[in-house]
Amino acid sequence: MKVLVAYATAAGSTVGVAQRIAEVLRAHGHVVATSSVDQVTDAENYDAYVVGSAVHDQAWLPSGAAFLSRERRKFVDKPVWLFSVGLPGSLHGPLRKWAGLEEPAILAHLREDVTPVEHRLFSGVVRAEMLGKFGALVFRAVGGRFGDFRDWQAIEQWATTIAGALADIETTAR
Ligand SMILES: Cc1cc2nc3c(=O)[nH]c(=O)nc-3n(C[C@H](O)[C@H](O)[C@H](O)COP(=O)(O)O)c2cc1C
């Protein structure tokens, strides 16, 4: 199937997640385009979509949310998977619990434009310089950790599930 994997990023870590998902889908025989949401000009040309964004302040980046809104009519009757890249993996203790509450908040906005087959919140990359001096201090003080928390195994597993679902859809359509 022809699949578009589109992403919105501020600091780049979501690009890596999108690329890994695309690689897995290609390995399963799908024809996959990977693109920043800002550069998609042919959204109607795909059979399925995987769209993801970095999370800032418990919401998708404006460019990611705007993409879903702008293209929502093209998603009708086609499967859409959504993923968010945030910082649950960098937190522990009570903050980890807070991160668990974040997913419904993120999804609530996105559901206004699309009903996804599934949504996943992955951990991304948190570096001190991304948060500013004060933000980094506060983040450390509440128990946050800096680093690359992308769980490539979980990302690949999810992409494999998507590849399987696409194969089922293809078989049913024959
Ligand atoms: C200003 C700022 C705000 C953030 N707010 C959140 C947030 O509310 N929830 C969350 O899970 N992650 C938050 N993060 C963490 C980012 O989502 C994470 O670093 C992600 O990997 C960024 O993706 P990118 O590198 O593609 O921009 C924030 C990061 C920054 C820099």
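Counting convention: from 1, in listed order, for ligands and their atoms alike.
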I need the nearest protein heavy-atom contact for [atom]: residue, atom name and distance, please.
atom: atom 16 (C) of ligand 1; answer: V55 O, 3.5 Å
atom: atom 30 (C) of ligand 1; answer: H56 NE2, 3.4 Å
atom: atom 7 (C) of ligand 1; answer: E102 OE2, 3.4 Å
atom: atom 5 (N) of ligand 1; answer: D57 N, 3.1 Å

Check your understanding: Quick check: does any side chain N or O of D47 sit under 3.5 Å from a backbone N or O of K2, one acting as donor and the other as acceptor?
Key -> yes
Review point. Out of V125, V17, L87, who gets a non-hydrogen atom closest to atom 19 (O) of ligand 1?
Key: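 Of the listed residues, V125 has the closest heavy atom.
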**Study point:** Minimum non-hydrogen distance to atom 23 (O) of ligand 1, winning option of A59, A8, S13, G132
**Key:** S13
Review point. Parallel, tilted or perpendicular for F139 and F146, by the 30°/60° rule?
Key: tilted
Do any nitrogen or oxygen atoms of [X] come within less than 3.5 Å of a nitrogen or oxygen of ligand 1?
X: V15; answer: no
X: A11; answer: yes
X: M130; answer: no
X: L131; answer: no

Review point. Closest approach of R20 and W152, non-hydrogen atoms and distance?
Key: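 R20 and W152 have their closest heavy atoms at NH1-CB, 3.5 Å.
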Point to revise | Test salt bridge (charged side-chain N to carboxylate O under 4.0 Å, His left out) applied to E170 - qualifying residues, sequence neighbours left out | key: none
Check your understanding: Salt bridge check: are E23 and R26 linked by an N-O gap of less than 4.0 Å?
Key ->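 Salt bridge between E23 and R26, a charged N being under 4.0 Å from a carboxylate O: no.
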Exercise for review: Using only heavy-atom distances, determine whether the side chains of T160 and H28 contain a donor-acceptor pair under 3.5 Å.
Suggested key: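 No.
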**Study point:** Heavy-atom neighbours of E44 CD exceed 12 at 6.0 Å
**Key:**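 Yes, CD of E44 has more than 12 neighbouring heavy atoms, counting only those of other groups under 6.0 Å.
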